[in-house]
Amino acid sequence: MRENNLLPIAGEETGIYEDPLDLMDEIDRLKVAKDATILAHYYVDGEIQDIADFAGDSLQLARDAVNVTTSTIVFAGVHFMAETAKMLNPEKTVLLPDLQAGCSLSESCPADKLAAYQAELRAKGHDIVTVAYINTSAAVKSLCDWIVTSGNAREVVENRVPKDKEILFVPDQHLGRYLMEVTGREMILWPGSCMVHEVFSLQDLIRAKKNNPDSLVISHPECPQNILDVSDFVGGTEKMRQHVAAIQEPKTFLVATEANMIHPLEAIAPQHEFIPVPGIMTDTGETCACNRCPHMARNTLQKVRDCLKRGKPEILWQPYFDKAKEVVSRSLLQ
Ligand code: 13P
Ligand code: SF4
């Protein structure tokens with residue numbers, strides 16, 4: 001049963017095909033009519049990145065969110081990103097095209113479990129600071145001391161986390177392990193992982209390298225160690241973009257991150273060829289094109305248009321946003 005007995009909007013729930021170009025025109029008109037700005041992560045479909053006012057990585061989008069001048073933000077990304085935009089802009093309406101767009105990392109670390117683990121560690125005498133990857137709920141952020149993204153994690157751990165404290169790093173074990181390696185700091189790691197980066201197949205990556213002998217491997221630090229160990233460059237999405245743009249001579253890059261990242265890479269460095277690294281299905285062991293994030297894929301042009309039209313789904317302010325905002329602002333904006 002539809003809420004409020006509203007009639008379906010064309011395309012929404014009806015399965016009617018709509019021309020992407022018509023949808024883009026409609027979204028452009030609605031942005032003006034509704035006084036809205038669209039922010040899109042590099043992992044959403046290229047056509048959504050193209051109609052966005054800002055496309056970027058998690059760090060840049062959080063920073064862009066505080067510079068928005070319209071009364072409404074549409075966040076084409078996942079729930080924790082829209083929550084971050086809302087906590088930094090309490091007075092603005094923040095819309096997420098599909099409220100079900102979650103994140104396997106965020107889901108692996110519920111606030112009550114984290115609070116219990118922090119208490120357990122402290123009871124055992126550990127003098128901890130909790131450093132959280134931005135891929136966590138606002139409730140989790142409110143329990144933490146520092147928030148990092150793939151773009152600033154090394155800098156925060158090296159320069160801002162007091163040296164005499166133990167670090168509890170949540171929720172990405174792979175990013176945490178990588179940070180231990182590059183910073184030399186010991187960390188207690190939460191056992192979470194990204195469902196997209198976890199499944200890259202080392203065997204297929206090595207085969208792809210054999211088929212493309214001069215290729216270079218670029219990997220996101222959310223990948224497991226076996227993938228990072230054979231990579232020529234490790235960095236978050238924005239760092240990847242800057243890295244390929246700085247190389248003038250045409251190259252072939254094997255890209256170990258979400259497949260939509262090929263879109264901004266091709267846009268900034270068209271001289272190169274980019275090949276997505278395939279993944280393996282954990283149940284059958286077969287190779288698959290499963291390096292797409294099902295949560296990011298919930299963002300469609302129709303849903304962006306529909307949320308603009310209806311003014312929902314909206315991220316609503318929660319009491320713990322105040323504390324989370326303080327930690328996020330200190331970590332990402334200062
Ligand atoms: P970055 O945008 O920091 O590279 O993060 C990638 C990611 O997994 C976002 O969910
Ligand atoms: Fe979460 Fe991974 Fe999807 Fe990013 S790509 S939103 S980390 S599940």
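Start at 1 and go down the list; that is how both ligands and their atoms are numbered. Numbers here simply count residues along the sequence, with the first being 1.
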Contact check, Y43 vs ligand 1, heavy-atom distance below 4.0 Å
yes
Under 2.8 Å from atom 3 (Fe) of ligand 2, which protein N/O/S atoms are there?
C293 SG
Going by the atom numbers of ligand 1, which of them fall below 4.0 Å from some non-hydrogen atom of Y133?
5 (O)
Near D57 (heavy-atom distance under 4.0 Å), the atoms of ligand 1 are 2 (O)
Just so I know, are the side chains of P294 and M195 near enough to count as touching, which here means a heavy-atom distance under 4.5 Å?
yes
Can you name the atoms of ligand 1, numbered from 1 with element, that are less than 4.0 Å from a heavy atom of H220?
1 (P), 4 (O), 5 (O), 6 (C)
Do I167 and E186 come within less than 4.5 Å of each other through their side chains, counting heavy atoms only?
no
Any nitrogen or oxygen of E222, main chain or side chain, under 3.5 Å from a nitrogen or oxygen of ligand 1?
yes
Answer yes or no for E258: is there a heavy-atom contact with ligand 1 below 4.0 Å?
no
Is the number of heavy atoms from other residues, nucleotides or ligands within 6.0 Å of CD (E120) greater than 12?
yes
Report the relative orientation of the aromatic rings in F253 and H243; use parallel for angles under 30°, tilted for 30 to 60°, perpendicular for over 60°.
perpendicular
For a quick check under 3.5 Å, do D50 and H263 share a side-chain donor-acceptor pair by atom type?
yes
Does N135 reach ligand 1 with a nitrogen or oxygen that is under 3.5 Å from one of the ligand's nitrogen or oxygen atoms?
yes
Between K323 and E326, does at least one N-O distance fall below 4.0 Å, as a salt bridge requires?
no
Would you say the side-chain atoms of T70 and T37 include a donor-acceptor pair closer than 3.5 Å?
yes
So do R292 and V196 actually touch side chain to side chain, heavy atoms under 4.5 Å?
no
For ligand 1, is there an atom lying under 4.0 Å from some heavy atom of M240?
no
Would E222 count as a contact of ligand 2 if the rule is a heavy atom under 4.0 Å away?
yes
Does the side chain of H197 come under 3.5 Å of the side chain of T257 through a donor N or O and an acceptor N or O?
yes
Taking C-beta and beyond as the side chain, do D214 and K251 meet within less than 4.5 Å on heavy atoms?
no
Heteroatom distance test (E238, ligand 1): nitrogen or oxygen, under 3.5 angstrom
no
In the structure I gave you, are the side-chain heavy atoms of F80 and T136 within less than 4.5 Å of one another anywhere?
no
What is the closest protein heavy atom to atom 2 (O) of ligand 1, and at what distance does it sit?
H41 NE2, 2.7 Å
Between G236, A62, S150, flag the one that comes closest to atom 1 (P) of ligand 1 by a heavy atom.
S150
For the residue pair S71 / D35, report whether a side-chain donor-acceptor contact shorter than 3.5 Å exists.
yes
Report yes if some N/O of T237 lies less than 3.5 Å from some N/O of ligand 1; otherwise report no.
yes
Just checking, is any N or O donor in the side chain of Q118 or T130 under 3.5 Å from an acceptor N or O on the other one?
yes
Taking 4.0 angstrom as the limit and counting only heavy atoms of M81, give me the atoms of ligand 1 inside it, by number and element.
9 (C), 10 (O)
